[in-house]
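Keep in mind that the numbers below use all heavy atoms, side chains included, and drop hydrogens, waters and symmetry copies. Keep in mind that this is a model prediction, so the values were computed, not measured.
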Amino acid sequence: MLRVLLAGGGTAGHVNPALAIAEIIKENYPDAEICFAGNPDKLEAKLVPKAGYKFEPLKIEGFQRKINAENIKRNFRAAVYLAKSGSRCKEIIKGFKPDLVIGTGGYVSGPVVRAAANMGIRTAIHEQNAFAGVTNKILSKKVDVVMMTVEESRKNFPDAKKCVVTGLPVRGGFGRLTKAEARKKLGIPEDAQVVLSAGGSLGSKVLNENIMKLFKWYQREGREVYHIHSYGTYKDYENYIADCEKQGIKLKGNDHRIVDSYVDMPKAMAACDLIITRCGAASLAEIEAMGRCSILIPSPWVAENHQYHNGMVLQNAGAGLVIEEKDLTEEKFVGAVRDYLDDPEKLKDCSEKAAALHIKDTKERIMNCLRPLIGKK
């Protein structure tokens, strides 16, 4: 029986690819036994058991670069966890006896994949971002294969021969509905202009504030736009709704503004013409899979500013527009939305170029990387 250990976490951007790879393996090896190693205090501790997989906790934290009293304490704690991680990784590996270990990024994947490689076990990593994270850069020297979402990642790794562009697996549900079908389910006219905005599962204060300005512009100009906004789980959702109402913004009815803390993204993305969002690798893969024009606002607070590099892949291909937070004025933001909505041909061209970036055979590419490591299992 094939046994595969996956390690990755901290954020959905690392956990969801690991879960997707697990599903791909199970499709090809139904009897495979799969286990995840992850931080017991992070998102993976909830998502992995929910998906039905075994979960082995590994306490690990990253080091803080900015030095202050609080971060000195956090770095001391991180050093203690790191010192203990080696023995814990060996314990997990010896207990599960994997034939293959796969890392998908995040602090937790480093010690697990490193330990497996040192023990002579076949290993692979998947890099989601255009600009590779520190953990995967280091691990690339030890693993057997490096799977990448985009070609732009290759320059980050010292051994290009190990690198294979596989794309990023997209969550189930995307592509099942046509635009017409999605609009019918949402009660939106087929010929309407539809904008979708979302700041990720947690939401984004900056995006939320700017979407409110966009709502006011729609109203001032008398724009008939159906706008679906996913506020996220960011705090003060009710206050946001109240602030919109205080400023005279109608969220429902004739002005077609729909704001919710949770949105069915496959359905909403199928229905829309234009997407305004952050630049997480998974979100961009979904945009490409759906073939949608996008205005991208990368978060400046992520490691190595990787969201900016992710977004620039689309902009350089003519498949989207990147506006950095430091440049995010109301005039520039609203102007970008107006330019797309007023030019259907530009909107269509951008959407087609986004679709051209989508790698349709990601599952096959991933298995082509893993099969030689699995051998005759």
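- Put simply, the side chain of Met212 reaches to within 4.5 Å of the side chain of Cys244, judged on heavy atoms.
- Taken to the nearest 0.5 Å, the NZ atom of Lys326 stands 11.5 Å off from the CG atom of Leu328.
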**Request:** Kindly indicate, with the supporting measurements, whether the criterion side chain to side chain contact (heavy atoms under 4.5 Å, CB included) is fulfilled by His309 and Glu152.
**Result:** CA-CA 9 Å; His309 296 282; Glu152 284 78 358; over 6 Å; no
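- At least one donor-acceptor pair closer than 3.5 Å links the side chain of Thr149 to the backbone N or O of Gln128.
- Judged by distance alone, the side chain of Gln247 and the main-chain N or O of Lys216 form no donor-acceptor pair under 3.5 Å.
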**Request:** Just do the side chain to side chain contact (heavy atoms under 4.5 Å, CB included) check on Phe36 and Leu19 with the steps written out, would you?
**Result:** CA-CA 9 Å; Phe36 283 73; Leu19 289 170; 3.7 Å; yes
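- Leu47 places a side-chain heavy atom less than 4.5 Å from the side chain of Asn16.
- When each of Leu321, Leu214, Asn210, Ile323 is tested with Ile276 by the rule side-chain contact (heavy atoms from CB on, under 4.5 Å), just one qualifies, namely Leu214.
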**Request:** Kindly indicate, with the supporting measurements, whether the criterion salt bridge (charged side-chain N to carboxylate O under 4.0 Å, His left out) is fulfilled by Glu345 and Lys348.
**Result:** CA-CA 5 Å; Glu345 285 304 312; Lys348 180 182 177 184; 5.1 Å; no
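- Using modelled atom types, no side-chain atom of Arg3 and backbone atom of Asp99 make a donor-acceptor pair closer than 3.5 Å.
- Looking at Glu151 and Arg154, a side-chain N of the basic residue comes within less than 4.0 Å of a carboxylate O on the acidic one, giving a salt bridge.
- Looking at Met119 and Lys94, their side chains come closer than 4.5 Å, going by heavy atoms from C-beta outward.
- Not counting sequence neighbours, Arg122 has no partner by the side chain to side chain donor-acceptor pair (under 3.5 Å) test.
- With rounding to the nearest 0.5 angstrom, the OH atom of Tyr53 is 9.0 Å from the CG atom of Leu6.
- When side chains are defined from C-beta on, Cys272 counts as touching Arg292, because their heavy atoms get closer than 4.5 Å.
- When all heavy atoms are compared, the tightest approach of Ala116 to Val101 is CB-CG2, 3.6 Å.
- Note that OG of Ser299 is 11.5 Å distant from CG of Asn310, once rounded to the nearest 0.5 Å.
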**Request:** Output, in order, the C-alpha distance, side-chain angles, deciding distance and verdict of side chain to side chain contact (heavy atoms under 4.5 Å, CB included) for Trp217 and Val225.
**Result:** CA-CA 11 Å; Trp217 174 74; Val225 177; 6.0 Å; no
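- Cluster membership for Phe131 and Val165, using ILVMFWY side-chain heavy atoms within less than 4.5 angstrom, is not shared.
- Of all non-hydrogen atoms in Met367 and Pro372, the two that sit nearest each other are O-CD, 4.5 Å.
- A donor-acceptor distance shorter than 3.5 angstrom exists from the side chain of Glu44 to the backbone of Asn39, with no hydrogens or angles considered.
- Classification of Asp342 and Arg223 as a salt-bridged pair holds, one side-chain N sitting under 4.0 Å from a carboxylate O.
- Annotation for Pro98 and Leu5: closest pair CB-CB, 3.9 Å, computed over non-hydrogen atoms.
- Taking the six-membered ring for Trp and thresholds of 30 and 60 degrees, His227 and His229 have ring planes more than 60 degrees apart, a perpendicular arrangement.
- Under the side-chain hydrogen bond (donor to acceptor under 3.5 Å, both in side chains) rule, Ser204 has a single partner from Arg278, Glu209, Glu325, which is Arg278.
- Using a 4.0 Å cut-off between a side-chain N of Lys or Arg and a carboxylate O of Asp or Glu, Glu56 and Arg88 qualify as a salt bridge.
- In Tyr308, the OH atom is not crowded: 12 or fewer heavy atoms of neighbouring residues, nucleotides or ligands sit closer than 6.0 Å.
- A donor and an acceptor atom, one from each side chain of His126 and Thr104, are nowhere located under 3.5 Å apart.
- A 4.5 Å side-chain heavy-atom check between Leu296 and Leu284 finds at least one atom pair inside the cut-off.
- Atom NZ of Lys353 sits about 4.0 Å away from atom CG of Asp349, to the nearest 0.5 Å.
- Expressed to the nearest 0.5 Å, how far OG1 of Thr123 lies from CG of Asp144 amounts to 4.5 Å.
- Residues forming a side chain to side chain donor-acceptor pair (under 3.5 Å) with Glu364 (at least two apart in sequence, or on another chain): none.
- In this structure, Ile125 is a member of the same hydrophobic cluster as Leu58, with clusters built from ILVMFWY side-chain heavy atoms closer than 4.5 Å.
- The environment of NZ in Lys213 is crowded: more than 12 heavy-atom neighbours from other residues, nucleotides or ligands sit within 6.0 Å.
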